[in-house]
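The structure appears below as structure tokens.
The chain is numbered in sequence order, starting from 1.
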Amino acid sequence: SGASVAHIQLGGPSSIIVHEAGGHGFAKLLDEYIYGGYENNIIPESEVENFNTFIKMNYHNRGWGVNVDTTNDPNKILWSHMLNDSRYSDEVGIYQGAWLYPYNLWRPSENSIMNDTFAGYFNAPSREAIYKAVMKLSEGDDWVYDYEEFVRFDKSVSTRSAQHTRTTDNRQIKRKEHKAPTIIKGSWRDAK
């Protein structure tokens, strides 16, 4: 059904909630990090093709995990349309290492909340996945994705212009100002 459960430690609002519930649970994004100790987590050459097929069948064919790809070919990578778009040239690239694998998987930015929860922001392909999920739910199955419409929306609410940055303990901490949530009594089905 696509339903998700985010497992988060007790303690109140945090960027971990955004990473787990928003990134994984809602947008179906994959992790973009490699934990210490996984530096040698290498897919044997004989298994690379099977691994790539597994990711495509179980994730990409569903529109999931679009922030991680098995190719570094700029013409074939999932976010190739952004690589060729000057409006995203300063924030979208091809960086090796993701989903606990230092090799054979690529991510679209050096850092994002799916790589480091202190980053506090989603990269452009992840924002595109979130946009698609929101629009599909709000507009219904007849909704048709339009890239230019996404770009207009994305640039109008640019995360860069809304972020405030300060340095503490050698960490860069970013926060974004948000509107207060709308509370609806009942279940999510009552929101319609």
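To the nearest 0.5 Å, atoms CD1 (I43) and CZ (F54) are separated by 11.0 Å. A distance of 8.0 Å separates CD1 of I34 from CG of L100, quoted to the nearest 0.5 Å. Here the OG atom belonging to S112 is positioned 11.0 Å from the CD atom belonging to E110, to the nearest 0.5 angstrom. The CD atom of E39 lies 9.0 Å from the OH atom of Y103; values are rounded to the nearest 0.5 Å. Separation of atoms CG (D31) and CG (N115) is listed at 9.0 Å; rounding is to 0.5 Å. Taken from CG in N41 to CG in L105, the straight-line distance is 9.5 Å, to the nearest 0.5 Å.
Follow the hydrophobic side-chain contacts under 4.5 Å out from V144 and you never reach F150; the two are in separate clusters. Two different hydrophobic clusters hold M57 and F51 under the rule that ILVMFWY side chains link at heavy-atom gaps under 4.5 Å. The hydrophobic cluster containing I113 does not contain Y33, counting ILVMFWY residues as joined when their side-chain heavy atoms lie under 4.5 angstrom apart, directly or transitively. Linking ILVMFWY residues whenever their side-chain heavy atoms come closer than 4.5 Å, directly or via other members, places V134 and M114 in the same cluster. Hydrophobic clustering (side-chain heavy atoms under 4.5 Å, transitive across Ile, Leu, Val, Met, Phe, Trp, Tyr) keeps I42 apart from Y38.
Judged purely by atom type and a 3.5 angstrom limit, R107 uses its side chain to pair as donor or acceptor with the backbone of S109. A donor-acceptor pair under 3.5 Å is absent between the side-chain atoms of H19 and the main chain of T117, judged by distance alone.
With a 6.0 Å radius and a threshold of 12 heavy atoms from other residues, nucleotides or ligands, Q96 has its CD atom above the threshold. Residue E45 qualifies as open at atom CD: its count of foreign heavy atoms under 6.0 Å is 12 or below.
Side-chain atoms of E128 and Y145 include a donor-acceptor pair closer than 3.5 Å. Side chain to side chain, T53 and N50 fail the donor-acceptor criterion of an N or O pair below 3.5 Å.
The side-chain heavy atoms of N123 and V92, taken from C-beta on, include no pair separated by under 4.5 Å. Two residues are said to be in side-chain contact when any heavy atoms from C-beta on lie closer than 4.5 Å; Y95 and N111 fail this criterion.
Annotation: salt bridge (charged side-chain N to carboxylate O under 4.0 Å, His left out) contacts of R87 (sequence neighbours excluded): D85, E148. Residues forming a side-chain hydrogen bond (donor to acceptor under 3.5 Å, both in side chains) with Y88 (at least two apart in sequence, or on another chain): D154.
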Show me the donor-acceptor pairs, under 3.5 Å and distance only, between side chains in residues 66-75 and residues at least two apart or in other chains.
from: N67; atom 1: OD1; to: L30; atom 2: N; distance (Å): 3.0
from: N67; atom 1: ND2; to: L30; atom 2: O; distance (Å): 2.7
from: N67; atom 1: ND2; to: E32; atom 2: OE2; distance (Å): 2.9
from: D69; atom 1: OD2; to: L78; atom 2: N; distance (Å): 2.8
from: T70; atom 1: OG1; to: K56; atom 2: NZ; distance (Å): 3.1
from: T71; atom 1: OG1; to: D73; atom 2: N; distance (Å): 3.0
from: D73; atom 1: OD1; to: N75; atom 2: N; distance (Å): 2.8

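The two atoms that bring R127 and F122 nearest to each other are NH1-O, 2.8 Å, heavy atoms only. In terms of heavy-atom proximity, W79 sits nearest to P125 at CB-CG, 3.6 Å. The shortest heavy-atom contact between S15 and F118 is OG-N, 4.4 Å. Heavy atoms only, all atoms of each residue included: L29 and H24 are closest at O-ND1, 2.8 Å. What you find for Y147 and M82 is that their closest heavy atoms are OH-CG, 3.8 Å.
Under the 30°/60° scheme for interplanar angles, the aromatic rings of W99 and Y59 are found to stand perpendicular.
Outside the 6.0 Å centre-distance limit, the rings of W106 and Y101 are not counted as a close aromatic pair.
Salt bridge annotation for E91-K155: present, with a cationic side-chain nitrogen under 4.0 angstrom from a carboxylate oxygen.
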